[in-house]
Amino acid sequence: MIQIVDKPIETDPILRAVDSGEAGAIVTFSGTVRNNARGKQVTYLFYEAYPELAGTELEKVRKEALRRWPLVNVAIVHRIGRMEIGDCSVFIAVSSPHREAAFEACRFVIDTLKVTVPIWKKEFYEDGEVWIEGYCGEISQTSP
Amino acid sequence: MIQIVDKPIETDPILRAVDSGEAGAIVTFSGTVRNNARGKQVTYLFYEAYPELAGTELEKVRKEALRRWPLVNVAIVHRIGRMEIGDCSVFIAVSSPHREAAFEACRFVIDTLKVTVPIWKKEFYEDGEVWIEGYCGEISQTSP
Amino acid sequence: MYNGTVKVKVRFFASLKDAVGTGEMDVNIAEDNATARTVFDRLQEQFPALKRYEPIVLVAVNHEYARWETPLTPDAEVVFFPPVSGGLR
Amino acid sequence: MYNGTVKVKVRFFASLKDAVGTGEMDVNIAEDNATARTVFDRLQEQFPALKRYEPIVLVAVNHEYARWETPLTPDAEVVFFPPVSGGLR
């Protein structure tokens with residue numbers, strides 16, 4: 001299961017998608033919007049995707065996890081658009097007969113996704129906004 | 001949050017217990033009843049706890065995780081009694097500002113819990129039942 | 001250490017409960033300086049099925065992990081149980 | 001390689017979209033053997049704010065990661081975007 005959605009992520013259908021009598025362990029990762037970043041108060045976030053390529057790259061990460069570990073299933077759902085503090089921006093669920101593989105694969109998925117899948121976030125503060133991009137620093141400072 | 005329950009585990013209240021504006025990552029582990037073990041078809045499981053000590057030991061694991069990693073919160077809920085294939089026997093949720101700590105702490109909690117918390121499972125098969133205990137093998141074989 | 005007869009509550013879990021046939025019993029120990037070991041030795045005589053657990057059994061006294069040498073006071077609760085499985089990772 | 005004028009659709013994401021002021025435009029390249037690099041060079045002339053992205057920008061052609069040298073056929077879709085953040089672990 002791979003999805004890019006513009007509504008709040010519902011986790012129940014994702015968990016059902018990976019659940020199975022073959023599974024003894026389900027590890028999930030939920031990326032949530034923090035109220036602070038880079039020493040500043042965050043008021044909200046905006047996630048933008050290059051959807052056609054993001055879908056392909058998410059599927060690649062999923063396939064690679066299934067190839068590397070003895071898993072039952074992997075589901076990845078990424079939300080885009082505006083998100084408030086505490087909202088879930090990405091949810092990953094990995095099921096496996098045993099827990100070691102589930103932990104390792106879930107971590108592989110989020111670590112890989114963060115560098116290969118074209119989805120960017122813009123942090124909004126009281127006094128400005130910044131795109132958070134690779135090698136960002138000054139270059140992505142769009143205001144103030 | 002530490003609980004030992006004899007009903008199906010509801011994950012929503014557990015996730016709310018660890019959720020926070022300080023958290024950027026929530027990692028969960030769900031231990032589920034597999035349909036096979038030790039090469040045999042499992043029909044159902046029974047978990048028994050030494051409840052007074054199990055509660056103390058669960059709290060110890062939780063405190064140790066909070067001491068070792070920069071976490072926001074840790075919740076551990078273990079179910080006891082009879083469970084069917086696919087049921088969740090233990091659910092752990094760890095929230096942290098960053099994902100590395102959340103993954104490591106969640107794994108620490110389940111690995112430690114499995115060797116320090118006095119909760120045992122009995123596997124039921126078509127043709128018998130076995131207590132799964134430490135150094136088990138022959139000694140815990142209570143029926144064919 | 002405590003001198004004289006002590007009555008303790010004994011509990012068993014998991015396969016030890018099956019071996020004894022009950023989860024709970026009262027035991028009177030008419031012996032000075034009774035310890036967790038004294039109780040288990042007495043129980044082994046009564047329930048030979050307990051003997052094979054002797055090398056691995058764990059003990060708690062008043063709901064804390066204890067050692068064989070832990071002395072027992074009257075009305076102590078002594079619990080014997082097998083090691084936890086660890087489970088496959 | 002393709003000779004003659006090609007019309008390609010160009011898209012931008014994240015801070016590149018802000019730098020250009022639009023997410024999408026059509027570009028006519030009246031040049032033989034046009035590549036993704038040709039398009040970006042032409043756009044830099046028109047939008048100087050793009051210049052500082054030149055060392056880090058990523059390119060996709062027809063929704064696959066591509067290189068500067070990737071040749072363009074008529075009606076190709078060329079997308080320029082910044083690297084993904086990685087995020088703090």
**Report entry** Engaged part of A:Ala37 at the chain D interface, taking heavy atoms whose separation is under 4.5 Å
**Finding:** neither

Query raised in the report: Quick one: what part of A:Thr112 sits under 4.5 Å from any heavy atom of chain D, side chain, backbone, both or neither?
Result: neither

For atom [atom1] of [X], decide whether the heavy atoms of other residues, nucleotides or ligands shown that lie under 6.0 angstrom number more than 12.
X       : atom1 : result
D:Glu45 : CD    : yes
D:Glu54 : CD    : yes
A:Glu59 : CD    : yes
D:Lys51 : NZ    : yes

[atom1]-[atom2] distance between [X] and [Y], expressed to the nearest 0.5 angstrom:
X        : Y       : atom1 : atom2 : value
A:Lys60  : D:Tyr65 : NZ    : OH    : 8.0 Å
A:Trp131 : D:Leu16 : CH2   : CG    : 10.5 Å
A:Glu133 : D:Phe13 : CD    : CZ    : 12.5 Å
A:Glu129 : D:Ser15 : CD    : OG    : 11.5 Å
D:Phe80  : A:Tyr50 : CZ    : OH    : 11.0 Å

Closest non-hydrogen atom pair between [X] and [Y], with its separation:
X        : Y        : result
D:Val84  : A:Thr116 : CG2-C, 4.5 Å
D:Ala60  : A:Leu53  : CB-CD2, 4.2 Å
A:Pro118 : D:Phe81  : CB-CE1, 4.2 Å

Query raised in the report: Quick one: are A:Glu52 and D:Arg11 in side-chain contact, heavy atoms under 4.5 Å?
Result: yes

Requested in this report: Taking the side chain as every heavy atom from C-beta outward, state whether D:Asp18 and A:Lys122 have any atom pair closer than 4.5 Å.
Outcome: yes

